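Notes follow once the structure below has been shown.
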Protein chains: 2
Amino acid sequence: MTDEPHKPAKRPLTLRDVSEASGVSEMTVSRVLRNRGDVSDSTRARVLTAAKELGYVPNKIAGALASQRVNLVAVIIPSLGNMVFPQVLTAISEVLDQTPLQPVVGVTNYLPEREEKVLYEMLSWRPSGVIIAGLEHSDASKAMLRGAGIPVVEIMDTDGTPIDSMVGISHRRAGRMMAEAIMKAGYRKIAFLGTKMPLDHRARKRFEGFTEALAKKGLEIVDQEFYDGGSSLAKGREMTARVLERSPEVDFVYYSNDKIGVGGLLHCLDAGIDVPGRLGLAGFNNISLLDGFSKRLATMDSGREEIGRRAAEIIAARVEAGSDEMAGERIELSPTISRGDTLRARPAGGDYPE
Amino acid sequence: MTDEPHKPAKRPLTLRDVSEASGVSEMTVSRVLRNRGDVSDSTRARVLTAAKELGYVPNKIAGALASQRVNLVAVIIPSLGNMVFPQVLTAISEVLDQTPLQPVVGVTNYLPEREEKVLYEMLSWRPSGVIIAGLEHSDASKAMLRGAGIPVVEIMDTDGTPIDSMVGISHRRAGRMMAEAIMKAGYRKIAFLGTKMPLDHRARKRFEGFTEALAKKGLEIVDQEFYDGGSSLAKGREMTARVLERSPEVDFVYYSNDKIGVGGLLHCLDAGIDVPGRLGLAGFNNISLLDGFSKRLATMDSGREEIGRRAAEIIAARVEAGSDEMAGERIELSPTISRGDTLRARPAGGDYPE
DNA sequence: CCCCGGCATGTTACCGGTATCTGCCTTGGT
DNA sequence: ACCAAGGCAGATACCGGTAACATGCCGGGG
């Protein structure tokens with residue numbers, strides 16, 4: 001009466017259903033499905049057939065509870081809108097795909113309270129490891145991470161003290177490097193256009209490193225402007241126009257990311273400004289936003305694929321082995337400048353008089 | 001001996017630890033932590049203090065197993081590299097944020113076998129619902145979805161029969177609409193540039209609708225080119241150059257997405273081609289890739305925010321109520337054309353002879 | 001011919017919570 | 001002063017698997 005002939009899925013299937021269908025114990029079915037322990041070929045075949053026929057899907061909830069093992073890795077990032085993070089994620093997935101581990105993504109929107117909440121949710125699933133962007137977390141978040149007793153890798157940034165391991169670049173150094181390259185190229189009147197500072201610590205650190213390097217040579221930012229809300233070409237465009245109008249002497253604009261940087265570049269092209277002669281531009285992150293464009297923006301690559309890969313490798317290694325070595329590993333990668341077509345290599349020679 | 005004074009997290013905490021610390025039963029702690037059932041204020045306070053002090057994080061694995069409820073919604077998409085999907089995801093998250101449900105993302109890379117695997121993994125966590133892109137799935141995948149006994153919403157596409165509910169647009173219609181708009185504007189020699197066809201069913205359907213509408217007016221695609229691998233501006237650029245060289249008579253190029261479309265636009269600008277007079281261009285998806293750019297590409301918006309929102313709402317409603325009504329709901333949204341600056345509104349008047 | 005060892009399978013005791021029922025004690029109506 | 005009702009807390013039985021141990025059966029060496 002209640003049992004339909006084939007599919008209609010009344011009550012979810014359990015090991016018991018498969019065991020009854022194949023005439024062996026639940027334990028044996030479990031062994032077959034996990035490929036663990038010795039099972040005769042004939043039994044194995046019988047069980048697999050029955051499982052397939054029923055359409056049985058194991059219940060990981062029960063499995064995880066019983067085995068005290070959860071093959072999930074929490075990956076916590078600020079945003080999916082900035083292509084950098086999907087790219088890091090892709091690199092992480094590629095590594096984890098070769099292990100039994102599986103990434104689970106949480107997004108914080110750059111808000112510490114969201115981060116805390118997301119982290120709490122994630123940890124309540126008892127993942128095998130955590131990969132989390134940034135070194136700045138609320139005290140509660142830090143306490144949770146420390147207390148979780150699982151490997152934690154903080155990524156993207158190395159300017160600070162990690163809870164456990166970290167993989168990333170020094171954004172202060174990145175800012176300094178860019179400042180030095182700019183000054184070496186002979187630019188002197190430098191402006192900065194940046195994002196919602198208080199929450200994006202890495203952008204802030206780049207800015208700090210940048211101004212610090214300028215100061216060392218006795219220079220100061222000539223003009224600057226900050227905004228909040230998401231980055232967009234339009235925003236970069238209008239901000240650039242405003243800055244150039246307000247401070248016509250500016251000969252270089254450093255942007256906190258490529259998106260607004262490209263916006264600025266578009267403005268310059270439209271306005272007929274000589275780039276990189278009269279004005280130089282640089283962004284950050286080497287987003288191949290305009291890879292087919294005639295002029296490539298100077299930028300800096302943070303090695304996000306490698307960051308993702310290394311982070312995932314650390315987690316994988318530590319989960320496999322019993323959490324011993326590799327704990328507290330600190331990997332600082334070197335950002336690489338790409339001059340593109342908006343940052344000249346040396347002080348303007350003949351084509352731009354003094 | 002084994003117990004450190006404060007934090008060091010030996011063995012993961014359980015309800016029992018909190019119950020001992022606060023002198024009540026585990027059951028009461030559970031009630032307090034879930035805010036369910038009657039507990040006196042004094043007890044509640046005592047328990048909360050103890051929990052906070054210990055840094056207790058509930059174990060959802062155990063909770064889910066016991067309560068037979070898992071507040072996860074599986075969201076399965078083909079890629080994170082195409083910004084459309086992060087955007088759909090964001091819309092889904094916004095809706096689910098106001099419910100106890102939580103999205104969990106799986107990425108298939110457009111591969112049916114990956115989809116099958118990802119789906120299997122997801123279902124083994126016994127989620128409360130599934131949101132999955134597309135209507136094309138392997139038989140095994142369909143069987144799993146049907147057998148899971150949970151609400152399933154297939155999104156993005158409505159050209160086909162859903163397993164349960166669906167929310168999206170008809171890509172055939174989208175292709176037709178664009179073809180009609182193009183023909184009405186007087187273009188006649190139309191070329192098509194597309195992505196890896198066999199796997200991207202929606203792009204294929206747009207193409208089919210497109211050619212069908214052309215055929216109805218006695219027109220045929222003049223030239224076409226397909227490629228595989230990810231979309232990029234550079235690819236759109238070079239493909240466009242190739243097509244125009246091979247078939248100089250072409251007066252319109254329809255792209256399967258905005259990214260290669262914008263690449264084509266860049267080529268035309270560089271080559272000094274009169275757009276949209278001599279040549280018209282259109283893409284798909286209204287990616288605000290170049291929102292700050294001087295010329296906006298004609299494109300079509302599929303309403304991805306609304307798709308995500310409606311899909312999440314269906315799941316939320318059905319999980320909340322007992323899976324009754326709203327089952328099998330089919331929502332077809334209307335794509336909207338945006339002409340941008342690369343598709344003229346009417347046949348060329350004086351500025352382009354006949 | 002018996003015993004031992006190893007393979008193939010079954011049995012038992014959890015994993016860490018939650019649903020449900022029970023029981024105590026207080027409170028208020030009459 | 002007594003009893004019903006309700007507030008509050010505890011006891012118990014699972015949820016669906018898995019670890020660890022137990023068992024049965026078989027063949028081979030002594």
Side-chain angles (χ1 to χ4, degrees), chain A residues 9-48 50-51 54 56-71 100 120-121 123-128 148-149, chain B residues 9-48 50-51 54 56-71 100 120-121 123-128 148-149:
Chain A
K10 317 262 87 168
R11 162 191 46 75
L13 296 164
T14 72
L15 269 191
R16 158 151 248 105
D17 297 296
V18 182
S19 91
E20 282 171 1
S22 51
V24 297
S25 72
E26 304 169 39
M27 196 58 234
T28 303
V29 176
S30 170
R31 281 195 268 253
V32 170
L33 264 34
R34 285 177 303 147
N35 240 336
R36 200 175 302 272
D38 310 298
V39 181
S40 72
D41 291 339
S42 63
T43 328
R44 175 185 309 282
R46 210 144 33 88
V47 169
L48 285 177
L54 292 170
Y56 172 73
V57 177
N59 184 331
K60 286 212 179 175
I61 306 255
L65 182 61
S67 66
Q68 302 282 55
R69 260 180 279 110
V70 182
N71 287 326
Y120 186 81
E121 289 289 322
L123 290 181
S124 72
W125 288 102
R126 299 287 187 270
S128 294
Chain B
K10 317 262 84 165
R11 159 192 47 77
L13 295 166
T14 73
L15 271 191
R16 157 150 250 102
D17 296 297
V18 182
S19 92
E20 282 171 0
S22 50
V24 296
S25 72
E26 302 170 40
M27 197 58 238
T28 300
V29 176
S30 171
R31 281 196 269 254
V32 169
L33 264 35
R34 285 176 303 146
N35 239 336
R36 198 175 303 274
D38 311 298
V39 181
S40 72
D41 291 340
S42 64
T43 321
R44 175 183 311 283
R46 209 141 36 87
V47 169
L48 286 176
L54 292 169
Y56 172 72
V57 178
N59 185 333
K60 286 212 179 179
I61 306 257
L65 182 61
S67 66
Q68 302 283 56
R69 260 180 281 110
V70 183
N71 288 325
Y120 186 81
E121 290 289 322
L123 290 182
S124 72
W125 288 102
R126 300 285 187 273
S128 295

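Keep in mind that what you see is a predicted model, and the values were worked out from it rather than measured. Labels below follow one simple rule: chain letters A, B, ... track the order of the sequence lines, proteins then strands, and each chain is numbered from 1.
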Whole angstrom is fine here: how far is it from [atom1] in [X] over to [atom2] in [N]?
{"X": "B:L13", "N": "C:dC15", "atom1": "CG", "atom2": "P", "value": "15 Å"}
{"X": "A:L15", "N": "D:dG17", "atom1": "CG", "atom2": "C1'", "value": "6 Å"}
{"X": "A:R16", "N": "D:dT18", "atom1": "CZ", "atom2": "C1'", "value": "15 Å"}

> Of B:R126 and B:S42, whose closest DNA chain D nucleotide lies nearer the 5' terminus?
Replying inline: B:S42
Residue pair [X] / [Y], side-chain heavy-atom distance below 4.5 Å:
{"X": "A:W125", "Y": "B:V57", "result": "no"}
{"X": "B:N59", "Y": "B:L15", "result": "no"}
{"X": "A:V29", "Y": "A:Y56", "result": "no"}
{"X": "A:V18", "Y": "A:L13", "result": "no"}
{"X": "A:V32", "Y": "A:T43", "result": "no"}

> Among residues 24-39 of chain B, which residues get a heavy atom nearer than 4.0 Å to DNA chain D?
Replying inline: B:V24, B:S25, B:M27, B:T28, B:R31, B:D38, B:V39
> Of the residues in residues 57-71 of chain B, which ones touch DNA chain D at a heavy-atom distance under 4.0 Å?
Replying inline: B:L65, B:A66, B:Q68
> How long is the span from the CZ atom in A:R44 to the OG atom in A:S42, to the nearest 0.5 Å?
Replying inline: 10.0 Å
> To the nearest 0.5 Å, what is the distance between NZ (B:K60) and CG (A:L123)?
Replying inline: 11.0 Å
>> So, OP1 or OP2 of D:dC15: does either fall under 4.0 Å of a side-chain N or O from A:T14?
In response: no
> With respect to the phosphate group of D:dG17, does any side-chain polar atom (N or O) of A:Y56 fall under 4.0 Å of OP1 or OP2?
Replying inline: yes
> At how many degrees, to 10°, do the end axes of the helix from C:dC1-D:dG30 to C:dT30-D:dA1 meet when each uses five pairs?
Replying inline: 50°
> Tell me, which pairs form a salt bridge (Lys or Arg N to Asp or Glu O under 4.0 Å) where one or both residues lie in residues 14-37 of chain B, sequence neighbours left out?
Replying inline: B:R11-B:D17, B:R16-B:E20, B:R16-B:E26
Return all side-chain donor-acceptor pairs below 3.5 angstrom for residues 64-71 of chain A, not counting sequence neighbours, or 'none' if the list is empty.
residue, atom, partner, partner atom, Å
A:S67, OG, A:G63, O, 2.9
A:S67, OG, A:R69, N, 3.3

Between the protein and nucleotides 4-6 of chain D, list every N/O to N/O distance that falls short of 3.5 Å.
none

>> To check you understand the geometry: which heavy-atom pair defines the closest contact between B:S25 and B:S19, and what is its length?
In response: C-CB, 3.8 Å
